[in-house]
Amino acid sequence: MEKGRDIFIQGYRHGIPIGLGYFAVAFSLGIAARDYGFSAAQGFLSSLFTYASAGQYMGFALYAANTTFAELILLTFIINARYILMGFALNQRMPEGTPLRTRLLVGSCITDEIFGITIARPGVPTPYYTFGALIAAVPLWALGTACGISMGNILPARIVSALSVALFGMFIAVIIPPARKDKAVLGAVMISFACSYAAVKLPFISNLSQGNRTILLTVVISAVFAMLFPRKTEEAEGGAVDAD
């Protein structure tokens with residue numbers, strides 16, 4: 001049987017490539033944070049304790065727009081709601097008898113990539129592996145944010161502008177693959193673009209704050225598409241369900 005120390009080291013080694021990718025994206029996030037008035041220390045601490053790319057970027061933008069804390073918390077919750085499902089999936093696979101405090105710690109360690117390598121690892125997921133990957137990856141995410149803020153003051157404006165495009169590329173990379181596979185997702189994306197533009201122009205909704213507009217559109221559009229195009233399970237589609 002593998003020892004906890006060996007599993008932790010394995011998770012750490014597997015988390016290093018993830019951390020290097022995080023550093024590149026976080027550098028672009030730092031450039032955006034610099035534009036919103038955040039210092040390198042603030043960016044580092046924010047990324048060290050949050051490590052949620054899309055939610056963190058939105059948080060920077062809303063904070064700079066003087067959004068209320070209630071709006072900021074609610075929107076961050078909505079953007080990162082997928083991690084709740086990941087936490088449920090991982091929790092169900094953990095060994096019996098795992099203490100509640102350990103399960104909660106594992107849930108706080110989840111990112112898309114760390115969840116992916118943890119759930120894909122052969123055997124029963126163990127907290128040691130997740131903790132190792134987190135300790136390797138998250139400091140590089142925080143360091144990348146701080147470097148982006150610091151270097152943004154040094155690099156020429158043209159280079160800063162070019163690097164900042166990488167962050168938008170990250171968002172595009174999130175929505176394009178599923179949109180190509182599912183027409184319903186593509187329709188939701190296109191309607192979201194159109195509604196976001198219309199929300200700035202329409203008389204009543206344009207008077208709302210940016211945070212409230214985003215929350216309203218996110219909840220309404222996702223709810224409508226969830227009702228019109230519910231995701232079918234493998235059993236409903238007649239497919240075979242693999243036994244764990």
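For the numbers below, each heavy atom of this structure counts, side chains included, while hydrogens, waters and symmetry mates do not. Because the structure is a prediction, the values reported are computed rather than measured.
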Check [X] against [Y] and note the closest heavy-atom contact, atom names and distance.
X: A40; Y: I149; value: N-CG2, 3.6 Å
X: V124; Y: M94; value: CG1-C, 4.0 Å
X: Y51; Y: V138; value: CD2-CG1, 3.7 Å
X: S47; Y: Q56; value: OG-NE2, 2.6 Å
X: I205; Y: A199; value: CG2-O, 3.2 Å
X: A146; Y: F44; value: CB-CB, 4.0 Å

Report yes or no: do [X] and [Y] belong to one cluster of Ile/Leu/Val/Met/Phe/Trp/Tyr joined by side chain heavy-atom distances under 4.5 Å?
X: M227; Y: L186; answer: no
X: Y63; Y: F49; answer: yes
X: V106; Y: I9; answer: no
X: L105; Y: L48; answer: yes
X: L228; Y: L217; answer: yes

Minimum side-chain heavy-atom gap [X]-[Y] below 4.5 Å:
X: F225; Y: I191; result: yes
X: D112; Y: Y83; result: yes
X: I221; Y: C195; result: yes

Side chain to side chain contact (heavy atoms under 4.5 Å, CB included) between F77 and I84: does it pass, once the steps are laid out?
CA-CA 10 Å; F77 175 82; I84 298 176; 3.8 Å; yes
Is it true that a side-chain atom of R93 and a backbone atom of I119 form a donor plus acceptor pair closer than 3.5 Å?
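No.
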Out of curiosity, [X] [atom1] to [Y] [atom2], how far, rounded to the nearest 0.5 Å?
X: T130; Y: R121; atom1: OG1; atom2: CZ; value: 9.0 Å
X: I114; Y: L90; atom1: CD1; atom2: CG; value: 11.0 Å
X: I31; Y: S150; atom1: CD1; atom2: OG; value: 11.0 Å
X: T126; Y: F131; atom1: OG1; atom2: CZ; value: 9.0 Å
X: L104; Y: N91; atom1: CG; atom2: CG; value: 8.5 Å
X: W141; Y: L134; atom1: CH2; atom2: CG; value: 13.5 Å

Across all chains, not counting sequence neighbours, the ring-ring contact (aromatic ring centres under 6.0 Å, His included) partners of Y129 are H14
Test ring-ring contact (aromatic ring centres under 6.0 Å, His included) applied to F60 - qualifying residues, sequence neighbours left out
F38
Around atom OH of Y36, are there more than 12 heavy atoms from other residues, nucleotides or ligands closer than 6.0 Å?
yes
Where does the angle between the aromatic ring planes of F8 and Y12 fall among parallel (under 30°), tilted (30 to 60°) and perpendicular (over 60°)?
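Rings of F8 and Y12: parallel, as their planes differ by under 30°.
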